[in-house]
Amino acid sequence: MDFEIRADEPLSLSEELDENGFPITSSDDDEAESTSELRSGNHDRPYKLSEFASDFYTSGSDYTSLVRNEKKNGLLVQKNLLQMWGIAKSEVAETSESRVCTENRKRKWRGKEQGDVFGLNQIKNEKGKKPAHVQSRSCPFYKKIPGTPFTVDAFRYGAIEGCSAYFLTHFHYDHYGGLTKKWCHGPIYCSSITARLLKICLSVNQSYICALEYDKEYEIEGIKVTLIEANHCPGAALIHLQLSDGRTYLHTGDFRASKSMHSHPILLNYHVNVLYLDTTYCNPKYRFPSKEEVIAFVVRTTRKYLQKQPKTLVVVGAYSIGKERVYLEISRSLQVPIYTNASRRRILESFGWSDLSSRLSNFSHSSPLHVLPLSCLRIENLNKYLATLNQRFNAVLAFRPTGWTFSEATGSNLDLIKPTSKGNITIFGVPYSEHSSFNELRDFVKFLRPDKIIPTVNASSLESRDKMQSLFNNWLKS
DNA sequence: GCGATCAGCT
DNA sequence: CACAGCTGATCGC
């Protein structure tokens, strides 16, 4: 594979930046448009069922999660969750719950058609126009690194002019979106965990994947590159770049700033000219506790419930990757294995963390600690789930860990959190965040003292950009 | 028929 | 709301 950049191609991707870190030549309108397009969500799926099935054969761990699909010549496909729990049959999911869900969807869809006979045509027309529109969709400026042939987390724009190295900060959908097994636009640089996930989950051609170790300096296209652990999800990295002309950039990807970063040799020893910053919670109202405090609360609460009701099933919700420490700490302190389905188990095992791997169990009845997709943590779902476990448990205690789960009222006193509960099902939303809180963000910026900051989140509206910029100016004033 | 992408939703 | 997706429908090959 030849990734050489042709000599006549421009090396610089972006225009010069103004004092606020925005390109001088791009008008706010244009930029807002392209950014809102980006954020309006065009999503691909991380897994394709048929692919999963074929992968599954080679992974060889849990065939009970596969089901024959007669419509596909008896090919094995991954069961859906209700099927896995034995609630739904393989052909048509006809439980009351699943029927209700499908019917709701159908009704909404029908409602649209009935309400507006021309609605469908309009949709079609819009869709018909879409290709041209889609083609015009271009990579937002903040994903391009000026003075380099690099882009960051920009895979949904096809080949990007002038880009000969595509960086991926971490394996979350909104960052790798657009990456498929057909990727052929250039080398992808990422951490080794992210690299493994690209291979096993997306079947990206290995010849395009370039794994980099943390804290090791590489020279890529004449630029010195170092990845730093981002304290986000497994494999997440900050990208530190030193151009040959002396300019230094730091792209945080998604990260949770911490005091320990303040003593990282690279962050300590280089002045950063431009900081591309994860500004997810860049608002003083976001003041959630540390991960450790939240984990302590989760463990404490689990102990309390188990004491009251020893046959309690503890459930932790999680997306594809992230939040591992929540269930890892429950597992450690209660001395119980972690059950999760084969798909997630394969992903968790790919991290190569022996402590986590050794705690994973493939038998749901043997462990009182289960990890389920966040979307499953609803009262009715958990009730049905409980019923599939044959009286092994008689209550469910579930945790949804997300940064959005916080309220001004509870503040830092986690014990004030009120769960939603019905019957023997209890669900706690806990403010376990893998993004920086407002204060952590402020402290990080005050420590780093960059010349310019480019927000990479909440940057689509002029108001929020202005708001953030004035915060930055304040932080850097003294 | 299949994978990629879309709108709508949480 | 956003997070980081999930689902069914539709499009392109």
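Small disclaimer: the values here were computed from a predicted structure and weren't measured.
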> So, is Thr402(A) near the phosphate of dC3(C), with a side-chain N or O under 4.0 Å from OP1 or OP2?
Replying inline: no

> Within the structure shown, what part of the strands sits under 4.0 Å from His170(A) by heavy-atom distance: base, sugar-phosphate, or nothing?
Replying inline: nothing

> What is the distance from OH of Tyr176(A) to P of dC3(C), rounded to the nearest Å?
Replying inline: 16 Å

> Tell me: CZ of Arg378(A) to P of dC9(B), nearest whole Å?
Replying inline: 14 Å

>> On a heavy-atom basis, which atom in Ile321(A) and which in Pro234(A) lie closest, and how many Å separate them?
In response: CD1-O, 3.5 Å

> In a check of side chain to side chain contact (heavy atoms under 4.5 Å, CB included) between Asn424(A) and each of Leu382(A), Val396(A), Leu386(A), which one passes?
Replying inline: Leu386(A)

> How long is the line joining NZ of Lys182(A) and P of dA4(B), in whole Å?
Replying inline: 5 Å

>> In whole Å, I'd like the distance from the NZ atom of Lys285(A) to the C1' atom of dC1(C).
In response: 7 Å

>> Rounded to whole Å, please give me the gap between CZ in Arg156(A) and P in dG3(B).
In response: 20 Å

> Across the strands shown, which category fits Thr280(A) at heavy-atom distances under 4.0 angstrom: base, sugar-phosphate, nothing?
Replying inline: sugar-phosphate

> Ile193(A) versus Phe171(A): any side-chain heavy-atom pair under 4.5 Å?
Replying inline: no

>> For a quick test of reading the model: is some side-chain N or O of His175(A) closer than 4.0 Å to OP1 or OP2 of dG5(C)?
In response: no

>> I want to verify a distance call: between dC6(C), dA4(C), dA4(B), whose nearest atom is closest to the Ser375(A) side chain?
In response: dC6(C)

> Which residue pairs satisfy the salt bridge (Lys or Arg N to Asp or Glu O under 4.0 Å) criterion with at least one member in residues 426-436 of chain A, sequence neighbours excluded?
Replying inline: none

>> How many whole angstroms separate atom NZ of Lys467(A) from atom P of dA2(C)?
In response: 14 Å

>> Check this one for me: any side-chain N or O of Ser320(A) less than 4.0 Å away from OP1 or OP2 of dG5(C)?
In response: yes

>> From OH of Tyr281(A) over to P of dC3(C), roughly how many Å is that when rounded to an integer?
In response: 8 Å

> Which nucleotide sits closest to the side chain of Tyr319(A): dG3(B), dG5(C), dC1(C)?
Replying inline: dG5(C)

> Rounded to the nearest Å, what distance is computed from the CD atom of residue Glu463(A) to the C1' atom of nucleotide dC1(C)?
Replying inline: 14 Å

> Residues in salt bridge (Lys or Arg N to Asp or Glu O under 4.0 Å) with Arg359(A), at least two apart?
Replying inline: Asp355(A)

